[in-house]
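For reference, the structure discussed in these notes is given below.
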Amino acid sequence: MLKDFFLDEVETAIENAISNNKLGEMTNYEKGTLSVEKPKNAEFGDFAINVSALARFAKFSPPQIANEIVANLTTKDCEINVIGGFINFKVGSEFFKSLIAEIFTEKENFAKPKNIKKEKILLEYVSANPTGPFHIGHGRWAAMGSALANLLKFYGHEVTQEFYINDAGAQINKLGKSLKIRIQQELGKTADFPTDEVERKNYYAGEYLIPIAKKYIADGYQSQDEDILADYAKKEMLNLQKALLKDFRVDFDVFYSETDLHNSGKVETCVKKLQDLGKLYEQEGAIWFKSSEYGDDQDRVIKKADGANTYLTADIAYHLDKLERGYDRLINIWGADHHGYVARVKASIEALGYNPNKLEVLLGQLVNLVISGEQVRMGKRKNMVTLDELIEEVGVDATRFWMSMRNIDTTLDFDIELAKTSSDENPVFYVQYAYARACSILRNAVTEKIDIETGNKTPALISEEDLLALSQNYDKNILAPIFEEEETLNSARKLMLKLEEYKSLIRFSVQNCLVYTICRYVQELATDFHSFYTVSRVITSDMAMMKARLALVLATKTVIQNALTLIGVTAPEKM
RNA sequence: GCGUUCGUAGCUCAACGGAUAGAGCGUCGGCCUCCGAAGCCGAAGGUUGGGGGUUCGAGUCCCCCCGAGCGUACCA
């Protein structure tokens, strides 16, 4: 990518200048102190490198250093200027011609790096209890997690998407008890949840169990045994969750059951392992894990006084199992309400002899629903909106985009009304509109015109074959007219630079496990395309110019589509 | 109390330790006989919660306050 290219050029020039003894002392200089950025003012250039950081090595002033480096630069097809300590580069037309060629050749693989060290990554997210429907917070993890998986895979990594089913423990008893009441109600018997608030907390009183109760009866089951009911309910809930995930374009490779983990004996094996390593001790009838030896605030109970394992115990065993399955990296997306667990799980990983840095936990802040301009805090039962209700209301595209568009460590305000509007207030529609507009231009270019009043037909300005050939047999010189028209050149350059930026965007996003950056990018790309469109008439009798601009439209269409695919949003040809 | 994530324009958010802190929405003002005006262009709008410090340079790093969310179980 161009960023790397200019950095290489400058670093080479620095080495040359040093060997010619033109850069002062430079005694402790090491490569890697410089970076490429975007000039604050576009008139300065397209890329900038600030060499001020070299001042302390060279003992020269930044402008002197910059000028000395420029004197040693051999970069072609490029305007270079120095302002203060900044070396600015303005890219020439050949770079752009090659860029469009690259997009046409690579298509959906544009920006995929060629030689990376492939990592085996386990990405765990959502991991909900099978005791109720997903709430909107789960939607955030689902959207972000699947987008991150798409991104890491695109980059060339091997990614397993895993859902840990929390189907063990006291909550499951609650589920069985609750279903029993619903079934009895369906059978016309008098049964209801306790009215006492404290008592009621031992039940799931939500109406979502009613259809499951109906189905249980319709399936011809008789048993009122709470364990059997619990088992039935959790299977049904899980199926509902799986169906919703599919509709939401979230594709898990593995659903890992906590119950299976227990039944397989892996939990006990793990406890024994910790025991053998001397990481456990007994106190007040419980077994404790010395997690404080590994950075945790305090030790944690592994086995309660009643002999039962804690939730943490299973989680430790689960992460050990992940490690034993041979992954290079474990990435978890957890809600911020679980952040206290990070230190303990990492402590367990270290205690078991693995590198705790193999586990990266992305802590996500929660989601607030905004209805009529008012924040409705998640978790307040009466106002809880389920994910399927939200999707039904605003659609998959808008939900996925909104859930992905903010940095994971800021609480997300999900404004339902805004997400529903088809206007400029809604970034999803703004981006999709740009895509549809590009498609429309391409359609019009190959469609004959009929004058409604006279009935006269005007043939299409370009044949479908010729349009196809633009990208399939791309000739660099097709782009030339773009650079010959002063008044539209700026918007076209801006658009092409944004297309080029996709490469550094992908790398940056992968390195930092970010997804919102893609949402931002695709909005910016849409903006640059709209601007280009406004000043540049694409379909025109000037055949050379039309082909040049059509090539840009085609390239833009490709990149918008690629970016939207990563975040799981559709790119509609018409709206 | 302790831990943790935050505090940036009226609102929602950006900004690898680097140039005059940027976008979108909202507000105000322009642009359609022509490819989708669901669009474009422009303007106003800021002491980056406050105070110290480190640095050639701090919204960013460190310390102290103030404010908010989330944790702080032998629950899951």
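Proteins come first, then strands; the chains are lettered A, B, ... in the order of their sequence lines, and each starts at number 1.
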**Message:** Rounded to whole Å, please give me the gap between CZ in A:Phe86 and C1' in B:G57.
**Reply:** 10 Å
**Message:** What contact category does A:Asn166 fall into here, base, sugar-phosphate, or nothing, at under 4.0 angstrom with non-hydrogen atoms?
**Reply:** nothing
**Asked** When Watson-Crick pairs (N1 to N3 and N6-O4 or O6-N4) and G-U wobble pairs (N1-O2 and O6-N3) count only below 3.5 Å on both distances, what is the dot-bracket string of RNA chain B, with | for other-strand pairs?
**Response** (((((((..((((....[...)))).(((((.......))))).....(((((..]....))))))))))))....
**Prompt:** Contact class for A:Thr411 vs. all strands (heavy atom < 4.0 Å): base, sugar-phosphate, or nothing?
**Reply:** sugar-phosphate
**Request:** Look at all strands and tell whether A:Asn444 reaches a base, only sugar-phosphate, or nothing, counting heavy atoms closer than 4.0 Å.
**Result:** sugar-phosphate
**Asked** Looking across every strand, which nucleic acid part, if any, lies under 4.0 Å from A:Glu37 by heavy atom: base, sugar-phosphate, or nothing?
**Response** base
**Asked** So A:Trp288 and A:Tyr281, would you call those rings parallel, tilted or perpendicular, with 30° and 60° as cut-offs?
**Response** parallel
**Gap between atoms OH and P, on A:Tyr430 and B:G26 respectively (whole Å)** = 13 Å
**Under-4.0 Å salt bridge between A:Asp315 and A:Arg344** = no
**Asked** Taking RNA chain B as the partner, which of residues 511-523 of chain A come within under 4.0 angstrom of it by heavy atom?
**Response** A:Tyr516, A:Arg520
**A:Ser178: partners by side chain to side chain contact (heavy atoms under 4.5 Å, CB included), with sequence neighbours left out** = A:Phe193, A:Tyr203, A:Tyr204, A:Leu209
Any N/O pairs under 3.5 Å between the protein and nucleotides 27-31 of chain B? List them or say none.
none

**Prompt:** In whole angstroms, how far is the C1' atom of B:C74 from the NZ atom of A:Lys303?
**Reply:** 12 Å
**Prompt:** Residues in side chain to side chain donor-acceptor pair (under 3.5 Å) with A:Glu268, at least two apart?
**Reply:** A:Lys303, A:Asn309
**Message:** If you only use heavy atoms from C-beta on, which nucleotide in B:G36, B:C40, B:A76 is closest to the side chain of A:Thr527?
**Reply:** B:C40
**Message:** For RNA chain B, which residues of residues 41-48 of chain A approach it to below 4.0 angstrom with any heavy atom?
**Reply:** A:Phe44, A:Ala48
**Message:** By the definition side-chain contact (heavy atoms from CB on, under 4.5 Å), identify the one residue from A:Ile172, A:Asp167, A:Asp231 that meets it with A:Thr259.
**Reply:** A:Asp167
**Request:** To the nearest Å, give me how far apart CG (A:Asp337) and C1' (B:A73) are.
**Result:** 15 Å
**Ion pair check, A:Asp4 and A:Lys503, cut-off under 4.0 Å** = no
**Request:** Round to a whole Å and report the spacing from CZ of A:Phe401 to P of B:A38.
**Result:** 19 Å
**Message:** Just the rounded figure in Å: distance from P of B:C35 to NZ of A:Lys449.
**Reply:** 9 Å
